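My questions will all concern the structure given below.
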Amino acid sequence: MKYYLKDIAKIKNGKKAILEDVGVKVYGSNGVIGFSKDSNAPRNSIIIGRVGANTGSVFFSDEEHWVTDNAISVVPNNKINPIYLFYLLKQKKLNRLAEGSAQPLVNQKILNSFLIDIPSLEIQNKLADKLYKIDKKLELNNKINTNLTA
């Protein structure tokens, strides 16, 4: 079925973060930029770079986290598997939707009107499970390689 992103997820801008030495991860348009003692986004949600060179970058957090004002939080509802939506959005190359030339920008209006085709929840779950396991294995292999070179 085809859905607008706004029909399968809550989309909101992030807020300025107060960075700390420890706490929950803080996401900006470049990914994790530090830590905060507070969170403003739930686990199993997606972060999209909102402004700048990394506009349209897509990240996933399986933990509570903070989303800065340089990013947008996308919290999937029960119509879609959050991990499946993450991979789908990542594959869509959202940077091509950016407006502006000097300072590229993806905003809520653009994302709310983004139309996507999604399969049944059963198919989403199978695909998300396989892709997530592969990514976790790659992440582990990269950590091992880093430790070996150190």
Side-chain angles (χ1 to χ4, degrees), residues 1-15 17 22-36 38-99 104-150:
M1 293 187 73
K2 288 190 185 275
Y3 290 95
Y4 288 105
L5 187 55
K6 68 179 180 180
D7 295 329
I8 57 173
K10 182 178 179 182
I11 301 167
K12 67 178 187 173
N13 286 354
K15 296 184 179 180
V22 295
V24 299
K25 292 177 182 173
V26 174
Y27 285 86
S29 62
N30 298 335
V32 177
I33 62 166
F35 300 93
S36 172
D38 297 316
S39 66
N40 67 354
R43 59 189 300 274
N44 295 326
S45 58
I46 298 155
I47 303 95
I48 297 175
R50 184 181 71 78
V51 65
N54 291 308
T55 297
S57 57
V58 183
F59 306 96
F60 180 80
S61 180
D62 56 5
E63 306 168 331
E64 286 187 9
H65 55 282
W66 186 275
V67 179
T68 70
D69 51 354
N70 287 334
I72 293 175
S73 175
V74 178
V75 181
N77 63 27
N78 61 0
K79 292 180 184 174
I80 191 159
N81 180 302
I83 296 170
Y84 178 84
L85 181 58
F86 161 70
Y87 286 111
L88 180 66
L89 292 174
K90 195 170 180 172
Q91 177 262 335
K92 294 291 184 184
K93 304 202 183 314
L94 298 176
N95 61 335
R96 66 182 175 77
L97 301 175
E99 296 177 342
L105 173 76
V106 170
N107 59 33
Q108 287 186 45
K109 182 179 178 185
I110 293 168
L111 292 175
N112 279 330
S113 63
F114 191 62
L115 189 62
I116 54 177
D117 196 11
I118 59 173
S120 71
L121 209 46
E122 181 183 350
I123 292 171
Q124 291 176 44
N125 292 339
K126 286 179 184 177
L127 290 171
D129 183 56
K130 288 181 186 197
L131 292 170
Y132 196 66
K133 284 179 181 175
I134 291 169
D135 266 359
K136 286 300 180 186
K137 180 65 175 161
L138 289 170
E139 196 176 292
L140 177 61
N141 288 346
N142 287 336
K143 285 181 183 177
I144 291 169
N145 289 340
T146 300
N147 287 339
L148 289 174
T149 57

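None of the values given here were measured: they were computed from a predicted structure.
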Shortest non-hydrogen contact from I47 toward A71
CG2-CB, 3.7 Å
N/O donor-acceptor pairs under 3.5 Å from side chains in residues 108-119, not counting sequence neighbours:
{"residue": "Q108", "atom": "NE2", "partner": "N13", "partner atom": "OD1", "Å": "3.2"}
{"residue": "N112", "atom": "ND2", "partner": "Q108", "partner atom": "O", "Å": "3.2"}
{"residue": "S113", "atom": "OG", "partner": "K109", "partner atom": "O", "Å": "3.2"}
{"residue": "S113", "atom": "OG", "partner": "I110", "partner atom": "O", "Å": "3.1"}
{"residue": "D117", "atom": "OD1", "partner": "M1", "partner atom": "N", "Å": "3.4"}

Checking D69 now: which residues fulfil side chain to side chain donor-acceptor pair (under 3.5 Å) with it, not counting sequence neighbours?
none
Can you name the residues that form a side-chain contact (heavy atoms from CB on, under 4.5 Å) with L131, not counting sequence neighbours?
Y87
List the atom of P76, the atom of I46, and the distance in Å for their closest heavy-atom pair.
CG-CD1, 4.2 Å
Does L105 offer a backbone N or O that forms a donor-acceptor pair with the side chain of E99 under 3.5 Å?
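Not confirmed, E99 side chain does not pair with L105 backbone.
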Taking salt bridge (Lys or Arg N to Asp or Glu O under 4.0 Å) as the cut-off, I'd like each qualifying pair that reaches into residues 52-67, sequence neighbours left out, listed once.
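Residue pairs with at least one partner in residues 52-67: there are none.
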Which residues pass the side chain to side chain donor-acceptor pair (under 3.5 Å) test with N95, sequence neighbours left out?
none
At their closest point, which heavy atom of A9 faces which heavy atom of N77, and how far apart are they?
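A9 and N77 have their closest heavy atoms at N-ND2, 3.9 Å.
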Under 3.5 Å, side chain of D129 to main-chain N/O of N125, donor-acceptor pair present?
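Pair absent, no side-chain N/O of D129 close to backbone of N125.
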Residue pairs involving residues 136-150 (criterion side chain to side chain donor-acceptor pair (under 3.5 Å); sequence neighbours excluded)
none
Could you report the tightest heavy-atom contact between I80 and Q124, atom names first, then the distance?
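Result for this residue pair: CG1-OE1, 3.0 Å.
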Grab the two heavy atoms, one from N40 and one from V67, that are nearest each other, plus how far apart they are.
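Nearest pair, atom of N40 first, then V67: OD1-N, 2.7 Å.
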Can you name the residues that form a side-chain contact (heavy atoms from CB on, under 4.5 Å) with S120, not counting sequence neighbours?
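Scan of S120 (side-chain contact (heavy atoms from CB on, under 4.5 Å), adjacent residues dropped) gives E122, I123.
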Indicate yes or no: at least one non-hydrogen side-chain atom of P42 is less than 4.5 angstrom from one of V75.
yes
Under the salt bridge (Lys or Arg N to Asp or Glu O under 4.0 Å) definition, can you give me all pairs with a residue in residues 42-61, not counting sequence neighbours?
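Residue pairs passing salt bridge (Lys or Arg N to Asp or Glu O under 4.0 Å), neighbours aside: none found.
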Listed by chain and number, what are the salt bridge (Lys or Arg N to Asp or Glu O under 4.0 Å) partners of D135, not counting sequence neighbours?
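By the salt bridge (Lys or Arg N to Asp or Glu O under 4.0 Å) rule, D135 matches no residue at all.
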Just to verify, what does K130 make a salt bridge (Lys or Arg N to Asp or Glu O under 4.0 Å) with, not counting sequence neighbours?
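None.
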Mind running side chain to side chain contact (heavy atoms under 4.5 Å, CB included) on N81 and L85 for me, showing each step along the way?
CA-CA 6 Å; N81 180 302; L85 181 58; over 6 Å; no
Out of curiosity, K133 NZ to I83 CD1, how far, rounded to the nearest 0.5 Å?
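So the NZ of K133 and the CD1 of I83 are separated by 10.5 Å.
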For T68 and G14, indicate whether the former's side chain and the latter's backbone hold a donor-acceptor pair under 3.5 Å.
no
Any pair counted as ring pair (Phe, Tyr, Trp, His ring centres under 6.0 Å), so long as it reaches residues 50-73, sequence neighbours left out
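Sorted result for residues 50-73: Y27-H65, F60-F86.
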Separation between CD1 of I8 and OH of Y3, rounded to the nearest 0.5 Å:
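Reported to 0.5 Å precision, the distance equals 8.0 Å.
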So which atom in V26 and which in A17 form the shortest heavy-atom distance, rounded to 0.1 Å?
CG1-CB, 3.8 Å
Results of side-chain contact (heavy atoms from CB on, under 4.5 Å) for S29 - residues two or more places apart only:
N54, N70
